[in-house]
Amino acid sequence: MSTIPFDQRDGWIWLDGEFVPWKEATVNVINHGLHYGSSVFEGMRMYNGKIFKNREHMERLALSAKMLDMDQDIEIDIEGWMKAAIETCEKNNLHDAYIRPIIWRGSEGMGVDARVAKPHMAIAAWSWGKYFSGGADGISLITAPWKKAPPSCTPYQAKCGGLYVTNSLNKHYAVDKGYTDVVVLDWRGQVAESSGANIFAVIDGVLKTPVADCFLNGITRQTALELAPIIGVTAEECVLMLEDLEKASEVFVTGTAAEITPVSKINETEYKVGPVTLAMQEAYVKATH
Ligand SMILES: Cc1ncc(COP(=O)(O)O)c(C=O)c1O
């Protein structure tokens, strides 16, 4: 990934329906999204000129916006947003890109009643290679200090900016301990996800992943579940505990940014990059290209 700070880049950002020069796509510091975390966003990838699951991502963005009561003030326009995402890549001459649509409440008002501030929308795109450097050999995960709350405590289906506070804290913890990322448990002690990806494990030949009942139901996670029968693997959504992961023969994480990344270590348990992970990676490349 380029080291140029994001506010100093060249190119174009789609902002409230128009393309503006990248450096001019700014907001005021008195901004509701900044102060109260009232933003929803997506991460999508374009491969070889085609956005993978553009519609599914924009539908999840719409769901996130609805969950934050934003649909009262912004027109949900899946078709228009999909077109704008493609045009953003074209305008920036990108064929392979990471795309970041975001809706946030602006500077029209401040206060806990978020509806005083109007939703705004932007779409930016840039080149972003592998999310995990060295990920081909597998990443290491450590049990996270912060847990996923019960579904009655957060709008967990929404990809909401404010909900990422504990994800960041968990990631800091992992990196400080010399690990790449985390295994986040939920309030019951069940395995949930990573800080920015979902988790799969091969146990007794079956590909298993936790039920997404209190964390983000990743679009890559759903794709992996669709691809499993195609590569001849039985997959199931079930309760997974840390002890189950200790018995796994393979573990990998899934995400739009992470794609299919093998896991080589969880706490003290080590794993090899195995045949199911390799087959899933191959199937994912085929599906996305
Ligand atoms: C917390 C979290 N879980 C899971 C995922 C995977 O979601 P997706 O596959 O839709 O990118 C992400 C991706 O951004 C994430 O941030």
Side-chain angles (χ1 to χ4, degrees), residues 131-132 134-154 156-157 163-164 166-218 220-229 231-255 258-281 284:
Y131 180 67
F132 292 115
D137 300 328
I139 57 166
S140 56
L141 307 180
I142 186 170
T143 307
W146 293 89
K147 292 192 162 64
K148 283 278 152 194
S152 56
C153 293
T154 53
Y156 70 93
Q157 299 99 328
L163 292 181
Y164 274 78
T166 49
N167 300 42
S168 292
L169 291 174
N170 282 338
K171 179 82 179 185
H172 301 172
Y173 175 83
V175 171
D176 290 351
K177 295 274 182 196
Y179 285 75
T180 321
D181 214 299
V182 282
V183 175
V184 184
L185 305 180
D186 68 16
W187 84 103
R188 299 164 291 204
Q190 299 176 9
V191 172
E193 58 171 359
S194 187
S195 74
N198 295 114
I199 296 179
F200 284 77
V202 181
I203 301 171
D204 297 329
V206 176
L207 183 61
K208 300 189 176 189
T209 195
V211 180
D213 60 3
C214 64
F215 58 88
L216 197 71
N217 183 7
T220 322
R221 174 187 179 278
Q222 295 168 49
T223 305
L225 287 170
E226 286 159 20
L227 292 175
I231 61 168
V233 173
T234 305
E236 73 178 33
E237 300 172 82
C238 58
V239 172
L240 276 182
M241 307 302 284
L242 267 179
E243 304 82 77
D244 298 318
L245 295 185
E246 284 168 16
K247 288 185 278 172
S249 55
E250 300 178 42
V251 179
F252 60 83
V253 295
T254 64
E259 301 170 308
I260 311 288
T261 301
V263 172
S264 57
K265 187 176 172 191
I266 299 179
N267 298 318
E268 297 311 317
T269 309
E270 299 198 347
Y271 307 91
K272 292 221 160 34
V273 182
V276 176
T277 307
L278 292 172
M280 188 58 83
Q281 280 181 321
Y284 189 68

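In what follows, every heavy atom counts, from backbone to side chain, and hydrogens, waters and symmetry copies are set aside. As the structure is a computational prediction, the values presented were derived from the model and not from experiment.
The two residues Tyr271 and Ala248 have their closest heavy-atom pair at CE2-O, 3.4 Å. Closest approach of Phe215 to Ala192, counting heavy atoms only: CZ-O, 3.5 Å. The two residues Tyr173 and Pro145 have their closest heavy-atom pair at CD2-CD, 3.4 Å. Minimum heavy-atom separation, Ile139 to Thr261: CG2-CG2, 3.9 Å. The two atoms that bring Val175 and Thr180 nearest to each other are CG2-O, 4.2 Å, heavy atoms only. Closest approach of Ala228 to Ala235, counting heavy atoms only: CB-CB, 3.6 Å.
Val206 places none of its side-chain heavy atoms less than 4.5 Å from the side chain of Asp204. Side-chain contact between Lys272 and Ser264 is absent, with no heavy-atom pair separated by less than 4.5 Å. Put simply, the side chain of Cys153 does not reach to within 4.5 Å of the side chain of Trp187, judged on heavy atoms. Contact check for Ile231 versus Met280: side-chain heavy atoms found under the 4.5 Å cut-off. Annotation: side chain of Glu259 is not in contact with side chain of Tyr131 (no heavy-atom distance under 4.5 Å). Between Leu169 and Tyr164 the shortest side-chain heavy-atom distance does not fall below 4.5 Å.
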Item to check | Evaluation steps, salt bridge (charged side-chain N to carboxylate O under 4.0 Å, His left out), between Lys148 and Glu193 | outcome: CA-CA 9 Å; Lys148 283 278 152 194; Glu193 58 171 359; 3.1 Å; yes

For residues 194-203, which side-chain donor-acceptor pairs fall under 3.5 Å, sequence neighbours excluded?
unit_1	atom_1	unit_2	atom_2	d
Ser194	OG	Asp181	OD1	2.9
Ser194	OG	Val182	O	2.9
Ser195	OG	Asp181	OD1	2.9
Ser195	OG	Asp181	OD2	3.1
Asn198	OD1	Gly218	N	3.1
Asn198	ND2	Leu216	O	3.1

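Remark: the backbone N or O of Leu240 is not paired with any side-chain donor or acceptor of Gln190 at under 3.5 angstrom. Side chain of Ser140 to main chain of Tyr179: no donor-acceptor pair is present (N/O by atom type, distance under 3.5 Å, no hydrogens or angles).
Here the NZ-CE distance, from Lys247 to Met241, works out to 11.0 Å after rounding to the nearest 0.5 Å. How far OG1 of Thr220 is from CG of Leu225: 11.0 Å, rounded to the nearest 0.5 Å. To the nearest 0.5 Å, atom CD of residue Glu270 and atom CG of residue Asn267 are 11.5 Å apart.
Atom NZ of Lys147 has 12 or fewer heavy atoms from other residues, nucleotides or ligands within 6.0 Å.
Ion pairing of Arg188 with Asp213 is present here, as a side-chain N (NZ or NE/NH1/NH2) and a carboxylate O approach within less than 4.0 Å.
When each of Ile266, Val273, Thr269 is checked for a side-chain contact (heavy atoms from CB on, under 4.5 Å) with Val251, only Ile266 meets the rule. Considering Asp186, Val239, Val191 in turn, Val191 is the only one that fulfils the side-chain contact (heavy atoms from CB on, under 4.5 Å) rule with Pro210.
Inspection of the Glu237 and Thr209 side chains reveals no N or O donor paired with an N or O acceptor under 3.5 Å.
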